Amino acid sequence: MIRDELRELVQQALAAAQDAGDLPAFAAPDVTLEHPQRIEHGDFAANLPLRIQGMARMKALDVAEALRARVPAHPAVTEVRVAPPGFLNLYLDPGWVADQARAIAGTGEAWPPLDIGGGTKTQVEYVSANPTGPIHVGNGRGAAIGSTLANVLRATGHEVQEEYYINDAGSQVGVFARTLYARYEQLFGRDAEIPENGYPGEYMRDIAARIRDEHGDGFLRPEGEPPDPQLGDEGIRLMVEQIREDLAAMGVEYDRWFEERSLQREGGPYDHVLALLREQGHIVEREGAVWFASSQLGESKDNVLIRSDGVPTYFATDIAYHYDKFILRGFDRVIDVWGADHQGHVSRVKAGITATGGDGDALDVLLYQLVTLKRSGAVVPLSKRAGEIVTLREVVDEVGRDAARFFFLLSSAGSAMDFDLELAKRETDENPVYYVQYAHARIAGVLRNADEQGLSAEGADPSLLTHEAEQALIRKLLLLPEVLEEVVEELAPHRLPHYAQELAQSFHVFYTQCRVLGDDEALSRARLLLLEATRIALARTLGLMGISAPERM
RNA sequence: GCCCCUGUAGCUCAGUGGACAGAGCAGCGGACUUCUAAUCCGAAGGCCGGAGGUUCGAAUCCUCCCGGGGGCGCCA
């Protein structure tokens, strides 16, 4: 991408200036380029002179001048200027900029071609909510973040697998089964009560009814006897099926649904990991429980692996799960997207990975702060145990998949967000997603009109794209590769919707100021070329976010 | 008590070492005989939670304090 090429130019200028003795010899930091806020400061700016003025024992302005004189010629650069207090400002050549419209349109849907990953085998695991209830709004945020991140990684040369981890083995599954059985018994007129700490939500009645519809009283046992274990399994199966459908409604599809239970089969990863930890001396038995002696590994405390009642903890199976990811399946890199309430879990899982032969640093955990759901300003509790829960499905049905995804992606994972249902519902016209989609629909409309007139970008001369709005739009297009790189390097998918809005704005301004289908046929063709390039970038950005790019609105 | 996240315009949020701090929404004033006005243009709105410090330069880094959220040996 152009930024990397220009960075290299400045790097070369530095080396040349030092070789020539214009600057003293010293090890300089890597060159970084940024986009100045003010257009008069150029398209790119290097602050290198300011950063090395001390090492060079020269005034920043003199350093800048020494560098400026040595910057090699480049077809994209029309001018290099020194600006106080010591910046080196680079100005792109308008002819080169205009020609990028042709380059983009010529590359087509594959633009921008980026290989950051080099085929790195990467797994993104996200949502992974307990299958004891429908997924809620907070999980929706994880879904939007995880799937968008996976899309961008795939688009930048990573070999990506998306996975959902089904927690079907913990103690909560037993509580789920007993709750389900109580609801099931109630359907047959029995006076059963759901257990303490059970799941009081209405959805449990629905699942019980579905099982009755399919199996009749086949799961009914003599009163007072515990439920058939297969009833719980059937309930989990139905719940997972619903979760799958709810996520699909938001455009989320996984490559694999991984069952926690599969780790615990005889001689499986769980057994193996425990034996491994024991061999390595990481196991301590105390107070009737089995502990991971993680404090010896720099953790703040030890953690229980097997509770005194003999049941393994979630933590124990999670070590086995990550052993499975890294060692058995050979992922080079794993990204787990978790809610911030799992924050305390991060460092101990990394310690567990390292202790079982993996590299804890190959795991990136992207924590997102929880979503506060509001209804007319009042906080709505999200707990599955509360009677009233608002499901993700409900929100998606109300505001639409596109708006829901855009909304979830808009704020950075680290900041808590409010999701006001009334606001989201009211936002039909004013939601920013429509602003972006409308830009795409407008382009599609003009391309249709051009087609009817028998006009196309065929043989277009991009050098006609000299208007300020045209130039600004192309410069905005050229930002997409940089944005994708930042999304990957900072695990920051929220940059995408912000970029989408900027791109749409640049287009709308262009559309207002520049008529595409006018009297000047050569200009029309050039502008059609620009429209094609813009449509490619816009559709790509929307597609990576899992948001549709409509032809009409 | 300790750890993590967070505090920026009325609201929702970007910006996390650069040059005069940004956007959307709300509110105010304009623009449709012209490829879609779900659009555009303009004005207004800020001790960047507070106080010190580091730096040529701090919303950004460090220390302390205040507010909000989350976590802290047998829940997941």
Side-chain angles (χ1 to χ4, degrees), chain A residues 32 34 36-38 40-41 45 47 49-51 53-54 59-60 83-87 89 128-130 132 167 170-172 175 197 260 286-292 294-295 299-309 311-318 339-348 367-370 372 407 410-420 423 427-439 441-450 452-453 490 492 494-495 497-498 501-502 504-505 507-509 511-518 524 527 531 552-553:
Chain A
T32 55
E34 59 182 12
Q37 288 179 25
R38 311 182 69 80
E40 58 266 34
H41 291 143
N47 61 4
L50 289 157
R51 289 171 40 221
Q53 57 183 324
K59 284 187 201 158
F87 288 101
N89 293 334
S128 301
N130 278 336
T132 52
N167 296 115
S171 57
Q172 81 282 354
V175 178
N197 300 320
E260 180 182 358
R286 187 197 311 150
E287 298 159 34
V290 176
W291 300 68
F292 176 41
S294 41
S295 56
E299 289 296 291
S300 59
K301 58 183 176 8
D302 291 349
N303 295 98
V304 172
L305 293 170
I306 304 175
R307 304 189 313 212
S308 47
D309 62 4
V311 178
T313 60
Y314 162 82
F315 175 53
T317 48
D318 228 19
D341 53 340
H342 289 68
Q343 164 258 123
H345 194 55
V346 175
S347 70
R348 61 174 182 250
L367 295 173
Y368 60 91
Q369 296 297 314
L370 300 182
T372 305
F407 204 94
L410 206 48
S411 29
S412 67
S415 60
M417 62 169 281
D418 288 351
F419 199 132
D420 192 310
L423 200 68
E427 244 178 348
T428 48
D429 302 29
E430 285 131 25
N431 194 304
V433 71
Y434 295 108
Y435 179 81
V436 178
Q437 289 181 315
Y438 183 52
R442 269 183 149 178
I443 293 171
V446 178
L447 292 177
R448 272 195 304 275
N449 292 339
E452 280 168 21
Q453 295 176 26
E490 295 164 33
H494 73 278
R495 304 214 186 259
H498 288 277
Q501 287 183 96
E502 284 178 33
Q505 182 182 36
F507 165 74
H508 285 307
V509 170
Y511 183 89
T512 303
Q513 294 187 13
C514 302
R515 188 171 175 86
V516 177
L517 304 176
S524 291
R527 286 180 171 168
L531 280 195
R552 304 168 193 274
M553 285 176 75

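Values reported hereafter were calculated over all heavy atoms of this structure, with side chains retained and with hydrogens, waters and symmetry mates removed. Everything numeric here is computed off the predicted structure, so don't read it as measured data.
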### Query
Across all strands, who's sitting opposite B/rG1 as a Watson-Crick or G-U wobble pair, both distances under 3.5 Å?
B/rC72
### Query
Once you round it to whole Å, what is the distance between P of B/rG24 and OH of A/Y438?
17 Å
### Task
With rounding to the nearest 0.5 Å, note down the distance linking OH in A/Y438 to NE2 in A/H508.
7.0 Å
### Summary
Applying the 3.5 Å cut-off to both distances, the Watson-Crick or G-U partner of B/rG67 turns out to be B/rU6
### Query
Taking any strand in view, what nucleotide pairs with B/rG17 in a Watson-Crick or G-U wobble way, both distances under 3.5 Å?
none
### Query
What heavy-atom pair brings A/A439 and A/A504 nearest, and what distance separates the two atoms?
CB-CB, 4.0 Å
### Task
Could you please name the partner base of B/rA23, counting Watson-Crick and G-U wobble pairs only when both distances are under 3.5 Å?
B/rU12
### Message
Using 0.5 Å steps for rounding, measure from the CG atom of A/L447 to the CG atom of A/L517.
### Response
8.5 Å
### Nucleotide forming a Watson-Crick or wobble pair with B/rU54, both distances under 3.5 Å
none
### Query
Whole Å only: how far is the CE atom of A/M417 from the C1' atom of B/rC25?
15 Å
### Summary
Quick tally for nucleotides 67-76 of chain B: nucleotides whose base has a protein heavy atom under 4.0 Å get B, sugar-phosphate-only ones S, the rest -, giving ---BSSBBSB
### Task
Would you please say whether a donor-acceptor pair under 3.5 Å links the side chains of A/E299 and A/S347?
yes
### Base-pairing assignment for B/rC28 (Watson-Crick or G-U wobble, both under 3.5 Å)
B/rG42
